[in-house]
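Heads up: the structure comes next, in structure tokens.
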Amino acid sequence: MKKIIIAILCISLLTAAIVVAININSENVTTEPEVSSTNTDETPVRSVYLGYFDKKSFNPYKTDSFTNLNISTLLYDPLFIINDDWSSDMLLAKEIQNDGKQVTVKIVDGEVFSNGASLTAYDVVYSFNLAKKSPHFKGRLSNLATAVAGVDTVTFALNSPDVYVQQCLTFPIIQNGTGDAALPIGSGRYVLRSINGEYVLSENPTSTRKEALSTPILGLTAIDAENDEIYRIQAGHLSYFCDDMDSGVFTKLNATTLPLSTNNLIYLGYNSKNEVFNNKNVIKALSTAIDKSTLADTVFDNFCTLTETPFNPDWFALEGLPLPTHEYNLINAGNILDECGIIFSPKDKTFRYDTDGYFEIKILVNKESTTKVNCAKFIGKNLQNLGIKVSLSALAFEDYQQALKDGSYDLYIGEVKISPNMDLSAFFKSTGAASYGISSKAVASAYNDLKTGNIDVNTFISVFEEEKPFIPICYRTYVAYYSNDITYEGSANVNEPFYNINSWKSES
């Protein structure tokens, strides 16, 4: 009889386990976040509203929505946060050691998730493994091979030395085992709640930041399309909107704007297999002929930061260095080409020629980016003013990439998102995503010496300026719109779009 009872109990437990598993699996595929719900006749006051895509996940490792990814920075905290100058401050970390082979981070004591569970090193390792697979974070973590949890530490193995690696430890930490949910458990400044069927962000009293928030309740407004945010902030239905400026068009609204520095470098690459470009003076002439100031004004509406080095000019490591400056001078550029033997014909003062005939340049560009096409057209006109025959090859992105692989270009307009540690491996590794046309072993060697600490940043910039493996143009800038009834102190950046949210106040 006992055996029968035990068998029945086992069957019951197995059935219950199957039911639980089915429920868990069904939760994992839903895009509707599971949140704490409150039904009350007393509606909390919320005078600040943020937009979100209700058909998209808030999971930072699964969402494909730029807007929801920004919202997730309020729900999940990282080990380190990035400042405006691309330096970092510890948040969930309290100590770091870097010996060039591995990085050991000690976790803050007593940290908990919003559900009261302790935040441990195992949660960090779990999040790291998700981040390594995520399109939003895997790029910055490419130099980190593995992560191993200790009692209160996490040890990351480095593929190569990197003195700025902590700037990459900015991936969001979620509770172990919740990565498949539409709303993983986090420890951020806010938690997502449903009040009377309406989503809100409510202050998380256990947040590590321990900030006195002026806005403890944030309203959320569902949006259906990216441009819907523009109309809603203009109508006063949203308090904040971050535009990634991918369209290249700045929309002037009745709102306060704040530029958000990014690490998206726009550059002019050239085909080093073209013999004429092996003469660095030719590259110098082309660079001198580009009117960068006017380009920034007309193509980027000044939502960019011009640069002569491959590094972001806002980077703290450049402070106080004697950086190279740009000189736009058509006369000087022409004189340089004359010295290179690229000259006007005595009978034809329209175009220059060399020993092979007319000196003609084809500029390759991705036609799916309005900004880059306009950039290519502008640079093309600058070079035409120098007496160079220019043709534009605007191709769909896949065809553009294939043309780069095939070497079917002279110049090309490129954009690369550089990780927060200013890693330039994309240019100087043979398999790098931005290595097309680059063959300078001297710069690649100098960059390796920079990463290992054998030379300083200033020395590397000197080598880069001498070799000029590509022509840096600018770093793009996002723009944050604040409704006119919102006041705030401090600043924000693309990694921390709500860095100053603790000071937000609404006059409405």
Side-chain angles (χ1 to χ4, degrees), residues 60-61 72-114 116-132 134 137-176 184-189 204-212 263 315-317 319 419-423 450-453 456-457 490 493 495-496 499 502:
Y61 296 125
S72 75
T73 64
L74 296 172
L75 302 172
Y76 309 100
D77 277 336
L79 294 170
F80 293 81
I81 55 175
I82 300 294
N83 299 312
D84 293 354
D85 63 356
W86 299 89
S87 63
S88 61
D89 289 331
M90 291 188 239
L91 187 59
L92 296 180
K94 72 172 186 178
E95 186 179 316
I96 182 170
Q97 294 180 341
N98 184 349
D99 65 6
K101 296 181 179 179
Q102 62 183 28
V103 177
T104 301
V105 177
K106 184 170 286 190
I107 311 300
V108 293
D109 300 323
E111 178 61 28
V112 297
F113 288 105
S114 59
S118 296
L119 191 156
T120 71
Y122 295 96
D123 298 301
V124 176
V125 172
Y126 175 76
S127 302
F128 169 79
N129 290 331
L130 291 175
K132 285 281 285 183
S134 165
F137 303 97
K138 66 180 181 180
R140 71 185 64 181
L141 298 176
S142 60
N143 193 36
L144 294 162
T146 58
V148 178
V151 175
D152 59 350
T153 61
V154 177
T155 299
F156 301 93
L158 291 170
N159 293 319
S160 61
D162 184 0
V163 295
Y164 302 112
V165 69
Q166 65 266 28
Q167 269 80 293
C168 295
L169 300 178
T170 52
F171 55 93
I173 308 303
I174 65 175
Q175 188 177 16
N176 193 349
I185 304 300
S187 63
R189 288 163 284 182
N204 177 12
T206 66
S207 170
T208 299
R209 306 197 189 203
K210 295 182 173 55
E211 298 170 339
N263 237 18
W315 189 30
F316 71 96
E319 186 176 358
S419 54
N421 62 335
M422 301 299 160
D423 183 17
L450 174 66
K451 290 193 68 175
T452 56
D456 58 21
V457 174
N493 60 67
N495 294 284
E496 288 282 327
Y499 190 88
N502 63 303

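Keep in mind that what you see is a predicted model, and the values were worked out from it rather than measured.
- Residue pairs meeting the salt bridge (Lys or Arg N to Asp or Glu O under 4.0 Å) criterion with at least one partner in residues 85-102, sequence neighbours excluded, are Lys94-Asp109.
- Note: Leu119 CG to Ile107 CD1 = 7.0 Å, rounded to the nearest 0.5 Å.
- Nearest heavy-atom pair, Glu111 versus Thr206, reported as atom, atom and distance to 0.1 Å: OE2-O, 4.1 Å.
- Taking both residues in full, the closest heavy atoms of Ser419 and Asn263 are given as O-ND2, 3.1 Å, listed atom of the first, atom of the second, then distance.
- Looking only at distances, no side-chain donor or acceptor of Lys106 sits under 3.5 Å from a matching main-chain atom of Asp152.
- Of the possible donor and acceptor atoms, none in the side chain of Ser118 sits under 3.5 Å from a partner among the backbone N and O of Thr120.
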Inset, instruction - Please step through side chain to side chain contact (heavy atoms under 4.5 Å, CB included) for the pair Ile96 and Phe80, ending with a clear verdict. - result: CA-CA 10 Å; Ile96 182 170; Phe80 293 81; 3.9 Å; yes
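- Phe316 contributes atom CZ, which lies 9.5 Å from atom CG of Asn83 (distance to the nearest 0.5 angstrom).
- Looking at every heavy atom in both residues, Val148 comes nearest to Val125 through C-CG2, 3.9 Å.
- For Ser127 against Ile174, the heavy-atom pair with the smallest separation is OG-N, 2.9 Å.
- One distance of note links CZ of Arg209 with OG of Ser187; it measures 9.0 Å at 0.5 Å rounding.
- Proximity of a side-chain donor or acceptor of Asn493 to a complementary backbone N or O of Ile82 within less than 3.5 Å is detected.
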Atom pairs and distances, side-chain donor-acceptor, residues 153-162, under 3.5 Å, sequence neighbours left out:
| from | atom 1 | to | atom 2 | distance (Å) |
| --- | --- | --- | --- | --- |
| Thr155 | OG1 | Thr104 | OG1 | 3.4 |
| Asn159 | ND2 | Ser142 | O | 3.0 |
| Ser160 | OG | Asn143 | OD1 | 3.0 |
| Ser160 | OG | Lys451 | NZ | 3.4 |
| Asp162 | OD1 | Tyr164 | N | 2.9 |
| Asp162 | OD2 | Asn421 | ND2 | 2.5 |

Inset, instruction - Evaluate the criterion side chain to side chain contact (heavy atoms under 4.5 Å, CB included) for residue pair Leu450 and Val457; output intermediate values, then yes/no. - result: CA-CA 7 Å; Leu450 174 66; Val457 174; 3.9 Å; yes
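- For the ring pair (Phe, Tyr, Trp, His ring centres under 6.0 Å) with Phe137, the qualifying choice from Tyr61, Phe171, Phe128 is Tyr61, the only one to do so.
- Looking at every heavy atom in both residues, Gln167 comes nearest to Thr170 through O-CG2, 3.4 Å.
- Applying the side-chain contact (heavy atoms from CB on, under 4.5 Å) criterion to Ser72, with sequence neighbours excluded, gives Pro60, Leu69, Tyr76.
- Taking CD1 of Ile81 as the start and OG of Ser87 as the end, the distance is 9.5 Å to the nearest 0.5 Å.
- Shortest non-hydrogen contact noted between Leu144 and Lys132 is O-NZ, 2.6 Å.
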Inset, instruction - Test side chain to side chain contact (heavy atoms under 4.5 Å, CB included) on Leu169 and Ser88 and set out the steps. - result: CA-CA 9 Å; Leu169 300 178; Ser88 61; over 6 Å; no
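- Judged by distance alone, the side chain of Asp123 and the main-chain N or O of Asn176 form a donor-acceptor pair under 3.5 Å.
- Here the CG atom belonging to Asp77 is positioned 5.5 Å from the OG1 atom belonging to Thr208, to the nearest 0.5 angstrom.
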